[in-house]
Amino acid sequence: MKRKLEEEDMEIVWQTPANPPHRLDYIFRNGRRHVRPYYFEFIAHVKNRWAGKTIVDLFTDEFKGRSRDYYVSAVKCGRIRVDGEMVPVSYVVKTSEKISHFLHRHEPPVLTSDVLILQKEPDVVTVCKPASIPVHPCGQYRKNTVVGILEAEHGLAPLFPVHRLDRLVSGLLILARSASKADSFRQQIEGGMIKKQYIARVAGEFPEQEQVVDANINHNAREQRSTAEVGACGDATPIKGKTACTKFTRLSTNGVHSLVLCEPVTGRTHQIRVHLQHAGYPIANDLLYLSKHVSDRPASIPASDFCENLSTEHVDSNEDFSIDPMCTNCPDLVPKGYNVHEEALWLHCVRYSAPGWTYECPYPDWASLSYLS
């Protein structure tokens, strides 16, 4: 679609969710998969708590990634509209009005690992999801997702993820090729029929005996962090969070790190990571949940394991994409505020099974016995 931008001498094309990702949308550099920046229109409807604010105040208060001056300019030139029409910066929004924000979108990079197809069946596709890549469009990610990459590079669409893997987690991902097949999988998950198995590389020498952690998970969405909650003996105060249970079995150890089989009985946000922390053996490179006492243990994690690429990334955008005069990220390829040094979490999904079927994924390099020795 084309739009002539007011106060700008250019006619440009913007994309909507209907525009599929394409193989040429990606730029590979310094061990990262980038997305060539593109024009995109975000659409939302005015919520009750937004009503009564000016259009500029709404964006400044609710979408803090850009400055007030930017939003004033965006309203004036028509990049922000209400019900498809240009409005003055003093315009007061009303409930249910459609607001749109047309911008030059920069997606965060992900690791360059291919999305390996494990099995392709008429109604199911299974893949080995690399760490750092989200499963489906969310937040700043749209094309740099498993679903987007599979469509761009293999023509697989539509796909319906059957289960969730956190962005930094790798391993088996099951995708249904129809909504009805996805529903049948979800019914099995909700019925407790599916057995899930992960492996984790944890700090310390994990006990030989099977460990069962039964502790509620309380997730703080604002901080994107969960905590384990257990009631004290004789304390009548209700325990926060949702019930959660995970079984852990040691597979191997070198005294400094251990490889642990993790079998979550429930499926809470960050459950395995939090339960391992609660047990005293957090994932050895999990910066979000590493306990303070772990840093006092001998042979701490090498810096090379934390940062695969320590170079400061600044891209000459003239080589790969055109600079937008209003974009707050140009001329950089990477969006502002993104940490280019993040790494793969040592947590990997290896198996999902239920009566009549089993899907598996190979172990990653960090889980090999030679790697631990």
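Source: prediction; values computed, not measured.
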Give, for atom CZ of Phe63 and atom CZ of Phe42, the distance between the pair rounded to the nearest 0.5 Å. 9.5 Å
Taking atom CD1 of Ile189 and atom OG of Ser184, what is their separation to the nearest 0.5 Å? 9.5 Å
When the ring planes of Phe40 and Tyr38 are compared, do they come out parallel, tilted or perpendicular, using 30° and 60° as the limits? perpendicular
Distance, nearest 0.5 Å, that separates OG1 of Thr60 from CD1 of Ile55: 10.0 Å
Should Leu261 and Val212 be regarded as members of a common hydrophobic cluster, given that ILVMFWY residues are connected when their side-chain heavy atoms come within less than 4.5 Å of each other, either directly or indirectly? no
Cluster check Val265, Phe248: I/L/V/M/F/W/Y, side chain < 4.5 angstrom: no
If you define the side chain from C-beta out and look only at heavy atoms, does anything of His348 sit under 4.5 Å from Cys128? yes
Would you compute the distance between atom CG of Asp214 and atom SG of Cys245 and round it to the nearest 0.5 angstrom? 4.5 Å
Is the charged tip of Arg273 near the ring of Tyr289: under 6.0 Å from the six-membered ring centre and within 45° of its axis? no
Pair Glu62 + Lys47: basic N to acidic O under 4.0 Å: no
Name the one of Leu173, Leu165, Ile149 that satisfies side-chain contact (heavy atoms from CB on, under 4.5 Å) with Ile133? Ile149
SB check Glu153 Arg33 (cutoff 4.0 Å): yes
Contacts of Ser226 that satisfy side chain to side chain donor-acceptor pair (under 3.5 Å) - sequence neighbours left out: His219
Judged by modelled atom types alone, do Ser258 and Thr253 share a side-chain donor-acceptor pair under 3.5 Å? yes
Shared ILVMFWY cluster between Phe160 and Ile194, side chains joined below 4.5 angstrom? no
Which residue pairs pass the ring-ring contact (aromatic ring centres under 6.0 Å, His included) test when at least one of the two sits in residues 105-130, sequence neighbours left out? His104-His106, His106-Phe321
Val75 vs Phe59 side-chain heavy atoms within contact, under 4.5 Å: no
Any side-chain heavy-atom pair from Thr246 and Gln211 closer than 4.5 angstrom? no
Consider only side-chain heavy atoms of I, L, V, M, F, W and Y, link residues closer than 4.5 Å, and tell whether Ile80 and Val92 are in one cluster. no
Taking Arg142 first and then Asp25, would you say they form a salt bridge - that is, a charged N and a carboxylate O separated by under 4.0 Å? no
Nearest-0.5 Å distance that lies between atom OH in Tyr141 and atom CD in Glu107: 9.0 Å
Which side-chain N or O atoms in residues 110-124 pair as donor and acceptor under 3.5 Å with protein atoms at least two apart or in another chain?
from, atom 1, to, atom 2, distance (Å)
Gln119, NE2, Glu121, OE2, 3.2
Glu121, OE1, Tyr359, OH, 3.0

So, applying side chain to side chain donor-acceptor pair (under 3.5 Å) with Glu263, which one of Gln197, Lys247, Arg351 is it? Gln197
